[in-house]
Q: 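Pasting in a structure now, in structure tokens, and then I'll have a few things to ask.
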Amino acid sequence: MADEKETTAAPAAPAPPKKGWEPTGEIAESDASKALLEKFAGFAAPVKNLAKEPTVMVKKEKLVEALEYLKSDPQHLFDYLSDMTAVHYPDNDKKIMTVYHLYSTSRKDSIRVKCELDEGEACPTCVGVWPAANWMEREAFDLMGVAFEGHPDLRRILMPDEWEGHPLRKEYPLGGPQEEEIRSNKYGKPQLLPDDLEEARKIIEEGRNER
Amino acid sequence: MDTLLNLWSTIESWMLAFPVVIYLVKIGILLGCVFAVVAYITLAERRLLGFYQSRLGPNRVGPLGLIQPVADGLKCFLKEDIVPLNSNPLLFRLAPVFAFFPPFAGFAVFTFALPWVMPNGRTYHYSVADVDLGVLFIMAISSLGIFGLILAGWSSGSKYPLFGSLRSASQMLAYEVPLTLSVISVVMMAGSFRLSDIVAAQQAYKFYFFIPCIIGFVVYFISSVAEMNRTPFDLPEGESEIIGFHTEYSGMRFAFFFVAEYANVVFISMLAPALFLGGYDIPFVNDLALYGAHPNIVSILGVCSYAAKSTIFALFVIWVRATFPRYRYDQLLKIGWLVLLPIALANLFVVAGIKLFLLK
Amino acid sequence: MNAEKPSYMREVLETREMELNMGPQHPATHGVYRAILTLDGERIMKLNSVVGYLHRGIEKWAEYRTYQQGVPIYDRLDYLGAVLNNHGIVGAVEKLLQLEVPRKAEYQRVICDELQRLASHLMWFATHALDIGAMSVLFYGVREREPIMDLFEAHFGQRLLPNAYPIGGCRLDFPKGWTEACRKFLKALKPRIDDYETLLTGNRMWRQRTIGVGVISKEDAIAYGLSGPTLRGSGVCFDVRRSIPYSAYPEFDFEIPLGTNGDVFDRYLCRMKEMRQSIRIIEQALDGMPEGDLKGKAPKIMRAPMGEVYFTVEAAKGQLGYYIVSDGTDKPYRLHIKSPSFINLQGLNRMSEGALIADMVAIIGSIDIVLGEVDR
Amino acid sequence: MMMTVLLIIVGALIALFAIGVVSFKHPVASAVSLLVGFLLVGVFYLLYGAEFVAAVQVMVYAGGIMVLYLMGVLFTDNEWIHVTRQTHLQAWIGLVLILAFFAFFGHKLFHSEYPAIENVASQTVVQKENKAEEKLGYLKRETNPRSVSVKLFSDYLIPFEAASVLLTVAVVGGIFLAKKEV
């Protein structure tokens with residue numbers, strides 16, 4: 001409700017480009033990203049970044065292998081999975097992107113690895129590489145609907161087990177599944193109920209019956 | 001004065017005609033005192049904990065919060081009494097009673113001072129029933145308190161109380177043994193189970209039994225703290241982990257457990273002076289000689305001295321609660337069985353040696 | 001841990017496992033966290049964590065708010081370390097927009113951050129000790145935290161969730177007399193921490209309850225992605241303030257306390273030592289407070305080019321990260337919060353293997369979770 | 001007279017609770033009635049003036065053994081309660097044995113001489129006055145620990161030791177019963 005008011009009241013923003021999300025900035029490189037691109041040539045591509053964070057896009061087939069390489073290669077030793085999440089790009093060709101932020105506790109270096117997925121495609125799990133990924137992948141599954149292949153315990157984690165839909169997907173309304181329903185009732189926008197108790201009760205009752 | 005005395009002798013003659021009346025009156029007075037002390041030890045504890053923890057404690061109800069216990073009792077009385085669906089209703093209702101009566105029954109065998117002498121020469125004892133086997137009776141009665149906890153925990157039909165009661169049962173069993181053994185060392189010194197005899201023996205020996213039985217006294221203190229389920233041995237109710245055998249209880253039934261716990265505190269801290277600290281003996285004074293001259297003054301002072309000693313003990317217990325963290329379940333049992341029990345046994349030998357060779 | 005004992009008992013006697021539901025309403029879970037324990041006697045065979053009772057959908061919500069509008073809500077994640085959350089989001093947006101923050105503002109941020117860290121650690125100290133049964137400590141911890149809250153109130157106008165920093169700098173200079181009050185408080189706090197250490201660190205019971213309990217090895221700790229004192233207790237030197245420097249931290253002289261065994265006691269010691277280091281940092285920052293501007297040159301309407309940034313700060317609980325994806329509008333396209341409590345809580349499974357119920361309580365306390373941050 | 005009435009009442013209650021022990025369906029109910037029975041036996045001893053035995057009865061049986069009993073019942077799997085039949089063939093053998101037992105004791109009871117109950121009871125009520133001057137005079141009394149232990153370790157040594165053997169057997173039996181089927 002509130003955000004609709006928001007969008008109308010906000011200063012006219014430039015229309016978001018329709019063709020999808022494309023990172024801008026410049027390609028940042030580190031030893032690790034160079035080595036990764038070399039080793040997985042054809043499967044890895046550098047990604048532009050705003051803040052000079054080395055970022056590599058790895059294809060799904062080689063993802064676990066690449067992560068394992070980054071973790072165990074004595075040159076890199078990215079032993080710490082700082083964060084793992086997924087992003088939904090409904091306008092892109094590949095609609096889901098999983099993002100891994102790695103850090104090396106011994107070399108004090110970080111790298112970001114990304115992986116593009118088609119809608120409904122399962123991402124290979126990296127629980128075998130870092131046990132830490134367990135909950136992170138569960139969270140991504142729960143909120144974004146990304147399935148993880150080979151995950152030992154892929155259940156919802158933050159939402160209730162019987163919840164329908166994946167809240168962080170772009171098509172999921174902010175007000176939840178009922179939001180559209182609420183908006184499209186015959187009173188149009190949510191309104192203050194009349195002071196008269198009987199009338200208010202009647203309106204509520206009607207709304208309930210309609211639903 | 002004379003009329004008063006005459007009145008008294010009439011009452012007395014009536015009472016002598018029905019000896020049960022004397023007992024009833026004594027029981028009434030004793031229970032009244034015990035209830036009052038129990039009520040106010042809760043207040044004392046809360047105020048003292050407040051002091052230790054740099055806060056005030058309850059100070060709103062009445063001057064200095066003195067009516068707080070009444071308010072607490074009233075609150076518990078008015079609260080809804082919930083019997084869980086899953087419980088065994090009969091045992092659930094019975095359990096608080098089981099927990100409640102033992103500490104109060106135990107007070108019957110205490111003697112609080114040398115007898116009061118009336119002007120007409122008749123003496124009145126400061127005890128309800130100073131039986132021959134007082135200490136044994138206390139041990140027997142206090143071993144019954146555990147049933148309340150077990151039954152409460154089991155009949156609640158919930159897992160937390162079950163754990164609580166399992167813990168408390170094994171804890172009580174583990175600590176009852178060293179407790180009894182440390183008491184036995186005193187019995188050995190005195191040669192009697194009667195509490196007034198034990199005090200008399202301390203008066204006759206002219207030293208208190210905590211001197212020869214110092215190990216026993218320490219063991220007694222530790223295991224009695226455990227028996228009372230208080231920090232650092234408050235596992236049965238460990239608020240932050242298992243919450244305790246009375247988790248499902250509410251209102252007055254909970255208050256029963258609560259009162260029983262504090263009655264236990266009072267009980268243990270009144271038993272300790274009798275056994276180890278000379279009971280109603282006034283320190284640094286030859287009581288018996290003085291008693292011949294001014295019997296009533298000595299008996300009043302004796303009551304005061306007894307009260308002072310128990311108060312110090314009780315304060316110590318509260319102090320311990322404010323200071324220490326809680327032991328873990330396995331550590332607690334280990335301490336009971338592997339540390340205190342051997343020490344208590346060794347103490348028996350030491351005391352026997354003292355009795356045989358030093359005090360011929 | 002004598003892990004063989006139950007298995008022996010289970011071989012000889014016919015025993016049954018018991019499932020115990022710990023939480024969501026349980027005092028030792030520090031909020032609404034539920035652990036389904038499979039128990040053999042009192043020993044934990046298996047732990048199944050259930051979280052999400054406090055899930056408020058902050059990440060979804062953030063996508064509908066402009067960068068400035070979003071800032072106050074992140075205070076609600078770790079409500080005991082609100083200022084640090086604030087620093088995280090503000091830093092992330094500044095990194096995204098490549099804003100320059102004045103040096104004086106950075107100093108102010110460091111001071112408030114460290115005060116907040118002190119407050120959070122004091123609160124942890126209070127509740128952790130209460131979990132283990134030392135009741136008085138609760139009140140001591142809360143008492144020490146109180147002046148910090150007062151300082152926040154004086155400076156930010158709010159105690160718990162102060163919405164501390166705007167994007168691009170700081171709002172106001174410290175009020176008159178604030179610096180002196182802060183110094184006075186720190187001076188009073190130092191001996192108090194020593195006192196508490198004498199109360200607990202050397203206490204035999206405390207040591208018995210914490211040493212060797214909830215052990216997690218260095219390798220496991222890294223693999224499970226733990227962070228903050230929970231990780232450093234295992235002897236891994238990873239502190240975002242040093243490892244991935246941000247704000248004005250490189251300018252200060254402080255140590256990173258490390259543990260050796262990775263048990264509850266080490267984590268406890270780490271946090272206690274960290275409090276002293278925080279005091280040190282604040283004192284240095286107060287001494288070296290530079291002159292100059294407080295408010296940076298932040299645009300009124302913040303539109304970032306398409307792109308993504310990941311910015312982490314050392315929150316009281318560990319590494320707190322904000323991953324922002326921007327699509328060229330003034331709202332984040334996607335905002336992901338790497339919350340330390342969430343990841344640290346995952347390590348509980350590992351730490352509580354073969355532990356007793358009472359240990360479990362101590363371990364949860366030592367991880368220092370805040371459920372608002374776990375569930376987001 | 002009063003004594004006899006009390007004894008009969010207490011005896012009847014003991015019998016009632018003893019029947020309760022075997023006839024209650026739920027093991028916890030049985031255990032609780034056994035506990036009450038033990039306590040009443042303690043009262044019985046008290047009425048006979050055997051204070052020491054009464055105290056020991058309560059302490060050992062009620063306070064010690066019953067606790068273990070109850071713990072055992074409470075914390076073991078008792079789903080079998082509903083499938084176990086309460087009476088079967090052994091009941092008849094038991095009945096025969098009980099009748100024989102009662103016959104034997106009834107015979108003994110009516111053909112031996114006992115001191116009158118009233119006398120025994122009145123003996124224990126001893127007035128003690130002016131204890132302060134006695135100066136440990138209590139050591140001469142019958143119920144002091146010394147005389148009890150002397151009796152226990154001289155006249156009744158064999159029953160005392162036999163009881164310990166019995167307990168050991170019970171412990172071994174308990175472990176055997178709790179063992180998994182091998």
Side-chain angles (χ1 to χ4, degrees), chain B residues 88 90-91 94-95 98 102 111 114-115 122-123 125 130-147 149-151 153-155 162-163 165-166 169-170 172-173 176-177 180 184 187-188 190-194 196-197 200-201 203-205 287-288 291-292 295 298-299, chain D residues 24 26-29 31-36 38-39 42 45-46 49-75 78 124-149:
Chain B
N88 184 328
L90 178 71
L91 286 179
L94 210 66
F98 263 110
T111 303
L114 291 172
R122 180 162 282 282
T123 58
H125 292 273
D130 189 16
V131 294
D132 272 354
L133 298 161
V135 174
L136 216 54
F137 173 78
I138 286 170
M139 290 297 144
I141 284 290
S142 66
S143 68
L144 292 180
I146 187 171
F147 287 107
L149 317 191
I150 293 189
L151 292 178
W154 182 81
S155 66
L162 188 67
F163 262 98
S165 67
L166 170 66
S170 43
M172 290 246 188
L173 283 180
E176 194 133 302
V177 182
T180 312
I184 293 237
V187 173
M188 249 161 71
S192 171
F193 283 121
R194 187 201 288 259
S196 58
D197 288 348
Q203 283 176 336
Y205 280 127
D287 287 45
L288 293 182
Y291 186 71
V298 170
S299 74
Chain D
F24 273 126
H26 202 286
V28 176
V32 172
S33 70
L34 183 59
L35 165 67
V36 178
F38 278 152
L39 292 179
Y45 287 140
L46 262 186
E51 290 160 342
F52 187 84
V53 185
V56 169
Q57 158 83 18
V58 172
M59 199 155 101
V60 174
Y61 283 97
I65 290 174
M66 273 313 296
V67 173
L68 293 176
Y69 233 82
L70 256 181
M71 269 175 81
V73 174
L74 298 188
F75 301 116
N78 43 25
T124 58
V125 185
V126 188
Q127 291 294 317
K128 289 138 204 147
E129 293 289 333
N130 288 334
K131 198 157 29 61
E133 282 97 47
E134 270 180 27
K135 272 235 167 179
L136 307 188
Y138 58 79
L139 286 177
K140 294 174 197 83
R141 282 203 307 271
E142 259 276 304
T143 47
N144 77 63
R146 183 180 302 180
S147 49
V148 169
S149 43

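Only a predicted model underlies this, so the values are computations on that prediction, with no experimental measurement involved.
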Q: I'd like to verify something: which residue of D:V32, D:V67, D:V58 has the highest number of heavy-atom pairs under 4.5 Å with chain B?
A: D:V67

Q: Measure the CG-CD distance between B:L173 and B:E176 for me, rounded to the nearest 0.5 Å.
A: 7.0 Å

Q: Sequence neighbours left out, what passes side chain to side chain donor-acceptor pair (under 3.5 Å) with B:T180? Give chain and number order.
A: none

Q: Measuring from atom CD1 of B:I184 to atom CZ of B:F193, what distance do you get when rounded to the nearest 0.5 angstrom?
A: 6.0 Å

Q: Measure distances from B:L136 to the heavy atoms of chain D and classify the residue's part below 4.5 Å as side chain, backbone, both or neither.
A: both

Q: Please list, chain by chain and in numerical order, all residues satisfying side chain to side chain contact (heavy atoms under 4.5 Å, CB included) with B:L94, sequence neighbours excluded.
A: B:L91, B:F98

Q: D:V60 versus chain B, heavy atoms under 4.5 Å apart: side chain, backbone, both or neither?
A: neither

Q: For B:L151, which atoms come within 4.5 Å of any heavy atom of chain D: side chain, backbone, both, or neither?
A: side chain

